[in-house]
A.B. asks: 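Take this structure, written in structure tokens, and hold onto it; I'll ask about it next.
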Amino acid sequence: MRKSLIWLTSLTVLIGTVGASGAATAAESATGSPTVAESAVGTDIKDRILAIPGMSLIEEKPYAGYRYFVLEYTQPVDHRRPWKGTFKQRLSLLHKDTDRPTVFHTSGYGLSTTPSRREPTRIIDGNQVSMEYRFFTPSRPQPADWSKLDIWQAASDQHRIFTALKKIYGQKWLSTGASKGGMTATYYERFYPRDMDGVVAYVAPNDVNNKEDSAYDRFFENVGTKECRDRLNALQREALVRRAPLQKKYKEWAAAEGATFNTVGSLDKAYEAVVLDFVWGFWQYYGEDVCGSVPDARTASDDEVYETIDAYSGWSFYTDQGLDPYTPYYYQAATELGSPSIKLPHLEGLTRYGYQPARNFVPREIPTTFKPSAMRDVDRWVRGNANRMLFVYGGNDPWGAEPFRLGKGARDSYVFTAPGANHGAQVEGLVEAERAKATARILDWAGVDAPAAAAGQPLARFDARLDKPADDELNRERGVRP
């Protein structure tokens, strides 16, 4: 009886967070005008947002032409058992006007609290909601039950935020994200296909079979020119040939910085992991145009080899301190998302560990069990049910080696690749015909009037401070992760 009462009380509170969130705005007109009930809490957008049960303000930051809020929203730890506890999830809102469409942006990681506008938001000249992914600090339940970190729970977080805000932002909604954010937008569409009016997923990998990664091998055998590939491979090999003197530098650096290696297991494992990321990191974040700046392995000094590996891979990444912020990602990679493993014939006889599985980057006290059905389910759903979905990839991005593909059941959906682009690929980098097509579809999905949509041009001007490139949201952090 006691458990039933606790359940009923908790459920009432959580339902109120969603259901009552729109009580004052349920009769909102299509133009976004406030109702009489809304007047009781004020017509200012901040008042309307904070009238949503469970929503609280962290801070408001000024930006010309917008209102920008950093917020917290109360979420259940387990959407299947909402009486089991709650946590505070951060989100931000770049408010333009309730008459405008809204973009729901996810990075799949933590939340930047600096005002920014993603490409679809500029294209449609709309509002933007950005959500911090559950279990990235500070949006982490305490104590953390890691079994509640999965793609369905995260999609349900997004669904509740959308349901609460839709009462205020009543126009069309699009979801978007790059890399793990693009994956997140896709998973959200799979589980809640009626929420969004369109999806724009950038550089989203699709690891359907975690045990089969030959697509990555083919990518690295063909990307760029042979001259560039050989130059990169030679320097990577040299870093392992010179393991002893370069590892001495690494040990000295770690001692000076107080860096530790408990999660990965040893400094030697971390050293090799960073070296193996070098070629991948080069193509993920840079490209052929800077290949000439990579030192010639035959004449490079130890310092040059060491510093070049650091520039493209980052010696700090596989330390405990470097891995800790990304524990939620590696946990998901070890349980649902999968992680790549590639052959390295040019390093034969020099590697001790090879590409290490994601499990190696999760603290041992956190249990993991891989669920091979998760990505297969999403892939099958996208092939058969995609509707108003756009996938954008970079032609020279390793993560695009295993992309999402469309099947006969897909409608008004597209997969485009920007030639020569890396992990920062965007619609603007597509060939002209595809760029116009993609832009026109995004505008149409957002409910923009037909003549403007047909023109296929962004509605808002570029703002260098506000409009961040896709790879900016990835923070150019090193390590093999999307």
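Note that this is a predicted model, so its numbers are computed, not measured. Just so it is clear, the values below take in all heavy atoms, side chains as well, and ignore hydrogens, waters and symmetry mates. Positions are given from 1 along the sequence.
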A.B. asks: Is a donor from one side chain sitting under 3.5 angstrom from an acceptor on the other, for N396 and N422?
C.D. replies: no
A.B. asks: Any side-chain donor-acceptor pair under 3.5 Å between D412 and Y414?
C.D. replies: yes
A.B. asks: In terms of relative ring orientation, are F404 and Y187 parallel, tilted or perpendicular, with 30° and 60° separating the classes?
C.D. replies: perpendicular
A.B. asks: Tell me if the aromatic rings of Y68 and Y63 count as close, with their centers under 6.0 Å from one another.
C.D. replies: no
A.B. asks: Go through the side-chain N and O atoms of T351 and E272 and say whether any donor and acceptor fall under 3.5 Å apart.
C.D. replies: no
A.B. asks: Quick check, are the ring centers of W315 and Y271 under 6.0 angstrom apart?
C.D. replies: yes
A.B. asks: Applying the side chain to side chain contact (heavy atoms under 4.5 Å, CB included) criterion to P482, which one of P205, P398, P340 satisfies it?
C.D. replies: P205
A.B. asks: Checking R190 against T186: is there a side-chain donor and acceptor pair closer than 3.5 Å?
C.D. replies: no
A.B. asks: Under the criterion side-chain contact (heavy atoms from CB on, under 4.5 Å), I'd like the reasoning laid out for Y216 against E402: C-alpha separation, chi angles, the key distance, then a yes or no.
C.D. replies: CA-CA 8 Å; Y216 293 109; E402 291 191 333; 3.4 Å; yes
A.B. asks: Taking all non-hydrogen atoms of both residues into account, name the closest pair between P120 and T176 and its distance.
C.D. replies: CG-OG1, 3.5 Å
A.B. asks: Verify whether one side chain among T121 and H105 offers a donor that lies under 3.5 Å from an acceptor in the other.
C.D. replies: no
A.B. asks: Taking C-beta and beyond as the side chain, do V103 and S175 meet within less than 4.5 Å on heavy atoms?
C.D. replies: no
A.B. asks: What residue among F104, W173, Y188 forms ring pair (Phe, Tyr, Trp, His ring centres under 6.0 Å) with F162?
C.D. replies: W173
A.B. asks: Under 30°, 30 to 60°, or over 60°: which ring-plane class applies to Y330 and F317, parallel, tilted or perpendicular?
C.D. replies: perpendicular
A.B. asks: So that I know where these two stand, are Y109 and Y133 an aromatic pair - ring centroids less than 6.0 Å apart?
C.D. replies: no
A.B. asks: Side-chain donor-acceptor pair under 3.5 Å between Y312 and D277, yes or no?
C.D. replies: no
A.B. asks: Parallel, tilted or perpendicular, judged at 30° and 60°: which one describes the rings of H79 and W152?
C.D. replies: perpendicular
A.B. asks: Taking atom types as modelled and ignoring hydrogens, do the side chains of D213 and S341 form a donor-acceptor contact shorter than 3.5 angstrom?
C.D. replies: no
A.B. asks: Taking the six-membered ring for Trp and the single ring otherwise, decide whether the centroids of F261 and Y250 are under 6.0 Å apart.
C.D. replies: yes
A.B. asks: Looking only at side-chain N and O atoms, does R134 offer a donor or acceptor that is under 3.5 Å from a partner on S139?
C.D. replies: no
A.B. asks: Side-chain contact, heavy-atom cut-off 4.5 Å: D302 with K249?
C.D. replies: yes
A.B. asks: Less than 6.0 angstrom separating the ring centers of W280 and F220, yes or no?
C.D. replies: yes
